[in-house]
Amino acid sequence: MRWALSLALLVLVILPNFLGSYLLTVFIFIFFYAYLGQAWNLLGGYGGQISLGHAAFVGVGAYTSTYLSMTYKLSPWIGMFIGGAAAALLGGVIGYLGFRFGLRGFYFILLTVAFAEICRLIVSHLEPLGGALGLFITFTGNPWQFQFSDNRSYYYIALGMMLASVAIVGAVERSRMGAYLVAIREDEDASEALGVNAFATKLAAIVLSAFLTGMGGTFYANYLFSLQPNTAFGIPLSVEIILRPIVGGSGTLVGPILGSFILSPLAEVSRAYFARGGLSGVHLIIYGSLLIAVVLFFPRGAYPYLRGLLRRLPRRGAP
Amino acid sequence: MSLLEVRAVAKRFGGLQAVSDLTFGMADGEVLGLIGPNGAGKTTVFNLLSGFLAADAGEILFRGRSLRGLRPHQICHLGLTRTFQIVRPFPHLSVLENVKVGALARTASARDAAARARRVLEEIGLLAKAEVPAGELTLAERKRLELARALATEPVLLLLDEVMAGLTAAETERIVELVRAINRRGVAVLLIEHVMRAVMSLSERIIVLNYGERIAEGPPAVIANDPRVIEAYLGEEYVGAAQG
C-alpha cells in the first residue's frame, strides 16, 4: 500500500513534463477541487454537518488576500493565511448560530446557503471590492505575488495543497476530534451521553474547514486572475465543492480525491464534446444525472464501494 | 455524603405531570431499582439526571455538586453515564470504534482509548465482534454494546434503561451477571427494568413510580408485598415469587 502511494506520488510529480497545457489545467482543477472537497469533508463527511455555502469561505478568502495585495501590496502568500482566518471567523459565526440553536439537517443547510448569499450580495455592493464587476488582477509574473508564467507552478501548488489537506484531515481523523465528529454524525444525543461536547466539536470542525477553504480562495483568485461575486460566492461553486466528496465517498480520506478524479475529467470531456456540437451547458445535465446515479447506486460514494469489492475478491478466490 | 440526591424534582410536559415532587438518594456503590408501569416517568427521571431534560423544580446533586444547567457531556465527565432504552449504537462504526468514543472521555489519546475499549469489550464478552459494524449486531449484542460504551466512560454511577428488555432468559442472565460484576468494582447502578426477576435479584432497594410519583420504596421483598405496588403494577403472582 505504501509503495503504491509513493509510486502514485512520483507519477504526479513528474507528470507535468508530459502534459500539454490543456491537460495541465485539467489536473490543476482536479487537485484544487479535491483540496476544497477535503476541507468540506471534514465538516460534512466526518461530522455530518452538510454545508451548501462553502463558496462563501472561498470568496471571503479570495477577496481578502486579493484586496490586501492590490491595496497594500501584501503578498498573497501571507494574505492567504489572513484570508483563511477571515473565512474561519465567518465559519465560527455560522457554526455558533447553527449549532447553538441546534439546527440540524435541512435547517443547517439553509443557514449556510443564506450566509453565502448574504456575502455575495454584500460584496456585490461594496465599491472598494469592485462591486458586481469584481476584481481583476494584473499579471506581473512575480512569484511573490502568487503569479507564475509557467502553469506547472500552479500544478505543484495545487498538488501540494491537496496533499496538505489529506495530511491535516488525516491527522484529525486519527485524533479524538475525528472520533467525536463521526460519533456526532452517527447519533448526536448518544455521543453527548458518552461525554462528547457536540457543540464545541462541530464548532472546531467548521472553523478548521472554513480556514482551509478560505486559503483555497487565494489560489482560486490568483489562478483565474479575476474575482466576481456571483462566481466566488455562488451556489454553483458550493455544489462543485460538495459533489466530489459525495461521489468519491464522504467521510473518507480518499473520497474527495477519487471523486475529483472521476468528476473533473467527466466534466471536461462532456463540456468539450457538447460545446463542439453547439450544446453548451449539456455537461451540467450529464453532471446532474451522474450525481443521481451515485446517490441511487452508491449511497456512500465510490470509495466505500470499491473497498468492499477489493475485500471480497480474495475471498472469492479461496477454496 | 451520599452519591446522588434528588430533591423535590418535578417535570411537566404540557398537561402531563411526568414527574412530581420526586425525592430520593443513592449511596456509593448501591444498586437501586426504579420500577413502575409504562408512562410512570422512569425514563423522564433518567433524562433529568443525565442532563437531556431540565427539571421545572427541585435540585439534583451528584457527589455533592448541583447538576443544574449542565449538559449531558459534562454530567458524563462528572462520572454519571446513562444508556438508552432504545439502543443507539453508531451503526456505521465498528463495535470497537463505538466503545472507543466512550473511552475518549477519560483519555485524549486515540491509541490509549482503543486499548481501554478492548479491555471493556473483553469484560462484556464482545471482543470477538470488535471489528463488526455495530449496525450488524443482534439485539442482545446491541444491548451489551450499549452497556460497554457507557462502561468505557468509567462512570461512578451507571444509569441502565431497560438493558434486558426483549432478551431471552439466558441473555438476561448474562446481563444480570455483568451488572453484578460491574457493581462489585464499586460502580453504583440505577436500574430501570421491567424484567422483575432481574430487578428483584440485583437491587438492594427499589423505588416504585406511578403517574410520576413515588408510591413505594424499600427492599425487594417488601416492595413485592406492598399492596399499593401490587395494585398499581406488579400483579398477584409476584407476591408468591418474592416470598419464595
Side-chain angles (χ1 to χ4, degrees), chain A residues 41 44-49 96 99-102 104 169-205 245-246 249-253 255 298-301 303-305 307-308 311-312 315, chain B residues 46-47 49-53 70-94 96-114 117 131 133-135 142 145-146 148-155 158-159 161:
Chain A
N41 194 30
Y46 288 93
Q49 310 300 312
Y96 183 85
F99 303 143
R100 175 53 77 207
F101 294 101
R104 296 184 188 181
V169 176
V172 172
E173 186 188 50
R174 289 185 297 273
S175 73
R176 168 153 75 177
M177 181 183 168
Y180 277 6
L181 273 176
V182 172
I184 291 166
R185 177 191 73 201
E186 297 280 300
D187 189 328
E188 188 165 333
D189 284 342
S191 77
E192 283 260 345
L194 296 173
V196 176
N197 185 346
F199 172 72
T201 307
K202 290 191 288 186
L203 193 60
I246 288 176
S250 66
T252 68
L253 265 189
F298 315 113
R300 302 191 64 201
Y303 175 64
Y305 178 74
R307 198 175 43 187
R311 272 194 199 147
R312 251 171 312 204
R315 213 179 296 163
Chain B
F46 268 28
N47 284 332
L49 292 177
S50 57
F52 281 91
L53 288 175
L70 294 188
R71 307 265 312 132
H73 67 90
Q74 294 170 311
I75 292 173
C76 171
H77 280 275
L78 290 178
L80 192 164
T81 306
R82 60 93 53 93
T83 66
F84 290 92
Q85 182 182 350
I86 296 154
V87 289
R88 303 176 80 155
F90 305 128
H92 298 110
L93 304 192
S94 73
L96 181 69
E97 287 167 328
N98 264 269
V99 181
K100 218 178 94 179
V101 173
L104 282 166
R106 299 294 168 213
T107 171
S109 148
R111 183 184 303 238
D112 191 17
E131 305 305 326
R142 283 175 203 220
L145 174 60
E146 189 82 11
R149 266 191 339 191
L151 207 54
T153 67
E154 297 178 11
L158 191 55
L159 309 189
D161 196 346

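Chain naming here is simple, since letters A, B, ... match the order of the sequence lines and numbering starts at 1 in each. What you see is a predicted model, and the numbers here were worked out from it, not measured in a lab. Atoms considered below: every heavy atom in the structure, side chains included; atoms not considered: hydrogens, waters and symmetry mates.
Of all heavy-atom pairs between B:T107 and A:R176, the closest is O-NH1, 3.4 Å. Heavy atoms only, all atoms of each residue included: A:A193 and B:P72 are closest at N-CB, 4.5 Å. When all heavy atoms are compared, the tightest approach of A:R185 to B:L93 is NH2-CD2, 4.4 Å. When all heavy atoms of B:R88 and A:D187 are compared, the closest pair comes out as NE-OD2, 2.8 Å.
Proximity of a side-chain donor or acceptor of B:R149 to a complementary backbone N or O of A:L194 within less than 3.5 Å is not detected. A distance-only check finds a donor-acceptor pair linking the side chain of A:E186 to the backbone of B:H92 [under 3.5 Å].
No part of B:S109 comes within reach of chain A, as not one of its non-hydrogen atoms sits under 4.5 angstrom from that chain. With a 4.5 Å cut-off on non-hydrogen atoms, B:S50 does not touch chain A at all.
B:F52 is listed as a side-chain neighbour of A:D189, based on a closest heavy-atom distance under 4.5 Å.
In A:F199, the CZ atom is crowded: over 12 heavy atoms of neighbouring residues, nucleotides or ligands sit closer than 6.0 Å.
Rounding to the nearest 0.5 Å places CE of A:M177 at 13.0 Å from CG of B:L104.
Interface summary for chain A: among B:P155, B:C76, B:A152, the most heavy-atom pairs under 4.5 angstrom belong to B:C76. Per-residue counts of heavy-atom pairs under 4.5 Å with chain A were compared for B:A108, B:A110, B:G102, B:A150; the largest is that of B:A108. Ranking A:A198, A:A183, A:A179 against chain B, the residue ahead of the rest is A:A183, based on heavy-atom pairs under 4.5 Å.
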